[in-house]
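So that the names make sense, note that chain A is the first sequence line, chain B the second, and so on, each numbered from 1.
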Amino acid sequence: MVRDVVLIAAKDLRLEWRSRVGAGQVLPFALLCVLLFAFALDVDRGVLQQATAGLFWVVVLFAAVLVVQRSFSVEASDGVIDALRLSGLSPAAVYLGKVAAITVELLALEAVLWLAVAVLYDTTLGGWGLLVGTVLLATVGTAAAGATYGVVGLRLRGAETLLPLLLLPLLAPVLIGATAASDIALGRSAGPGWPWAALLGMFCVVYLLLGSVLFRPLMEDS
Amino acid sequence: MSVIAPPPPTIRPTTSSRATRVLGVLSIVGIVALAVFGLFITPPDAELGETIRILYMHVPTVSAAYVAFVVTAVASVAYLWKRTEFWDLLAASSAEIGVLFFALTIFNGMLWGKITWGVFWRWEPRLTTTTVLFLTYLGYLAVRRIPATVSTRATVSAVIGILAVVNIPITHKAVDWWRGLHQEKTIFGTVDPEMQGTQLFTAYLGLTVFLLLFLWLLIHRFRLAWLSERAEERVLDRAIADRRAESVEEAP
Amino acid sequence: MASTSVVDLRDVVAVVDRFPALAGVTLRIGSGEVVLVRGPNGAGKTTLLRLCAGLLGLTAGDASVLGVDLRTSASAVRRRVGLLGHASFLYADLTVAENARFWGRATGVSDADAVAALDRLEVAQRIRDLPVRSLSTGQRRRVSLAVAVARRPELWLLDEPHAGLDSGGRDLVDALVAEAAAAGATVMFASHELERAESVAQRAVTIVGGVITDGGESEPEPPADGERASRSGTDLSGTDLSGTDLSGTDLSGTDLSGTDLSGADRGP
Amino acid sequence: MSTTGYIAAAWFGTFAAVAAYAAWIIRRSRRAAALVPEEDQRWM
């Protein structure tokens with residue numbers, strides 16, 4: 001099982017390394033969003049600084065949609081999804097492998113994005129413990145929900161364009177939790193950060209469990 | 001089940017049965033009673049004044065919607081377990097009615113807000129949650145509209161029906177905490193425990209009426225879904241016959 | 001054993017995107033048979049093979065493959081078949097060797113066996129470190145076949161296996177099919193190259209308009225005692241399998257009781 | 001608009017929407033029923 005998870009995740013990361021779709025397309029898009037927010041919001045009145053965490057996580061969610069789409073379009077090409085179904089790999093292993101790969105890709109993207117935000121929005125990063133914990137939990141949660149919906153587009157032709165509508169409302173709690181916790185970590189608002197982290201953690205657990213179970217009918221039903 | 005009586009030759013009300021006719025009559029009587037109590041008999045609320053009359057619509061619609069989504073989720077689980085058309089169609093029918101009720105909840109909430117706050121929209125936690133969840137279920141209905149093999153569509157929508165219902169409490173919690181700092185007194189979404197007398201009676205009457213309405217709509221909607229599937233099957237049967245004819249013509 | 005049929009379809013209707021690609025297929029294939037599926041474009045050949053692989057649900061009828069009911073446990077069939085489809089089943093951005101290794105590991109094949117399969121398909125060393133994207137159709141086909149061969153499937157489902165291959169590749173396919181049959185596997189393949197295909201197959205069935213019009217049920221009842229029942233369908237008893245030595249083939253582990261292999265060495 | 005107006009809009013809007021939805025279902029089921037034999041309408 002663990003071997004299969006690693007097999008899938010390693011394959012996905014290798015594919016990303018070869019094709020550089022994440023680095024070459026999604027990351028520039030995310031940076032573009034960071035710039036566009038500056039155009040949309042008044043840079044002189046400090047709106048950007050105040051809203052840094054929220055804007056950051058909105059960009060991450062948009063990027064996540066693209067990363068998930070890419071992750072599953074790879075499986076859609078050349079009948080590979082059928083080959084996976086024929087392989088006898090456990091659907092849960094395929095699911096967890098995809099979640100792991102999406103998580104790693106998103107984490108890399110977020111690292112660059114935090115730097116960009118720190119420089120462009122003049123944000124001092126801090127509260128490292130809470131910040132890192134929030135980033136990890138929010139990312140795993142996003143990947144867990146994303147991978148479950150990613151396969152929907154695979155099995156249902158024409159549902160690819162539905163991914164944002166399906167995924168983003170589901171991720172609303174992640175956006176709320178991650179923004180609030182990041183605000184606290186960055187010192188922009190007071191209060192304990194751990195309830196938010198706990199909310200994100202619960203989201204992760206729930207969707208990882210559901211995804212592992214529900215991937216089987218999604219993959220195996222003919 | 002057996003056909004109880006030969007169908008009358010006149011135009012038939014196609015999805016009604018004795019049970020739904022009884023339900024329908026009860027619903028209509030209930031609506032009239034609710035209107036009498038809600039609009040005329042109950043006194044204005046001490047705090048909310050006349051606006052409480054909108055809440056007699058707002059609260060039962062949201063409750064019925066949640067019931068509908070729970071039905072969808074239970075039917076989705078049952079589908080993945082039993083794999084029968086019944087559960088798939090039940091899940092779909094219930095979700096559609098839930099979306100209707102959610103839309104009405106938001107509509108009533110906005111009217112209430114306009115009177116109370118002077119604006120149609122404020123980031124009141126219940127209203128916000130409802131809207132996010134409304135969009136979730138619009139996604140569910142959109143998935144159902146994608147033409148696909150029946151079993152694939154059923155499986156995929158069952159999964160979404162389950163994920164969406166799990167999302168309800170999480171979104172609730174998240175939005176509550178999010179607005180927690182500037183919480184207003186909220187009366188949305190619950191029957192206020194301080195309600196008394198005719199107000200309390202009307203609140204529960206509203207709940208009953210909307211649950212009856214939900215049941216009535218659900219049965220009809222389910223039967224429509226059933227009919228549509230049968231109609232699709234007829235189309236398919238014809239396609240199969242055509243395809244077979246093709247083999248007779250072209251056979252060497 | 002109630003039946004030794006590897007493929008047993010009865011009035012199977014399969015709907016693909018609301019189109020009845022199979023409109024009532026009845027087909028029985030015994031263990032160890034090599035069966036050619038022929039028919040015009042759009043007849044349902046591909047759908048038939050995908051259905052037998054357990055990738056497609058059936059709308060009506062009964063189907064069992066490798067003794068497993070497709071209605072209830074299609075996923076148990078999937079890991080036991082080798083499907084060669086129109087799609088390559090390969091990741092375009094991974095190299096040939098990486099693909100072979102990945103699919104090998106995914107299907108429980110050792111890396112050494114995966115490489116051996118590439119060798120068997122004569123996949124040139126110089127292209128093994130190239131991404132599949134840069135391969136020609138024929139080269140891809142060989143790699144796909146290698147992946148399928150490595151799994152040692154019990155049932156081979158080959159959709160146009162000769163398509164896109166050079167003559168060496170085609171001969172290789174024929175040899176592989178003969179080998180597989182000799183080892184007790186069952187082979188179903190669709191082809192338009194009838195002359196070549198008929199020389200490989202023991203039997204041919206014709207599918208037109210989603211219905212098997214000829215040769216679907218070779219035996220009126222399941223064969224018993226290794227006795228060859230008279231075939232109602234197309235008989236390819238002239239099949240030349242002389243190049244394949246069946247004697248001494250190790251068939252242990254494969255239940256061939258009542259199998260129709262006796263026909264093979266009865267050829268003239 | 002007055003408070004009464006909003007209240008009336010809420011009540012009327014709600015029941016009008018439900019009625020419209022019910023009418024839509026019935027209209028569609030009439031059309032579907034015409035294509036389906038009686039024996040499939042087991043609730044009759």
A/A172 portion near chain B, given a 4.5 angstrom heavy-atom threshold: side chain
Contacts with chain B made by residues 62-84 of chain A (heavy-atom distance under 4.5 Å), listed by residue number: none
Residue A/L162 versus chain B: region with a heavy atom under 4.5 Å: side chain
Inter-residue atom distance B/T155.OG1 - A/R216.CZ, 0.5 Å rounding: 13.5 Å
Under 4.5 Å from any heavy atom of chain A - which part of B/Y140: backbone
Side-chain touch A/V152/B/V159, heavy atoms, less than 4.5 angstrom: no
Residue B/I162 versus chain A: region with a heavy atom under 4.5 Å: side chain
Heavy-atom pair count under 4.5 Å with chain A, highest-scoring of B/V132, B/I160, B/L133: B/I160
Inter-chain contacts: residues 195-207 of chain A against chain B, heavy atoms under 4.5 Å: A/P195, A/W196, A/L199, A/M202, A/F203, A/V206, A/Y207
Engaged part of A/S189 at the chain B interface, taking heavy atoms whose separation is under 4.5 Å: neither
Per-residue contact mode, A/L214 against chain B (heavy atom under 4.5 angstrom): both
Part of A/L166 lying under 4.5 Å from any heavy atom of chain B: side chain
Proximal to chain B - members of residues 46-56 of chain A, heavy-atom separation under 4.5 Å: none
Pairwise distance CD(A/E160) to CD1(B/I146) - rounded to 0.5 angstrom: 8.0 Å
Close approach to chain A in residues 66-93 of chain B, criterion heavy atom under 4.5 Å: B/L80, B/R83
Heavy-atom pair count under 4.5 Å with chain A, highest-scoring of B/L138, B/V175, B/T136: B/T136
Side-chain heavy-atom pair A/D221, B/T152 within 4.5 angstrom cut-off: no
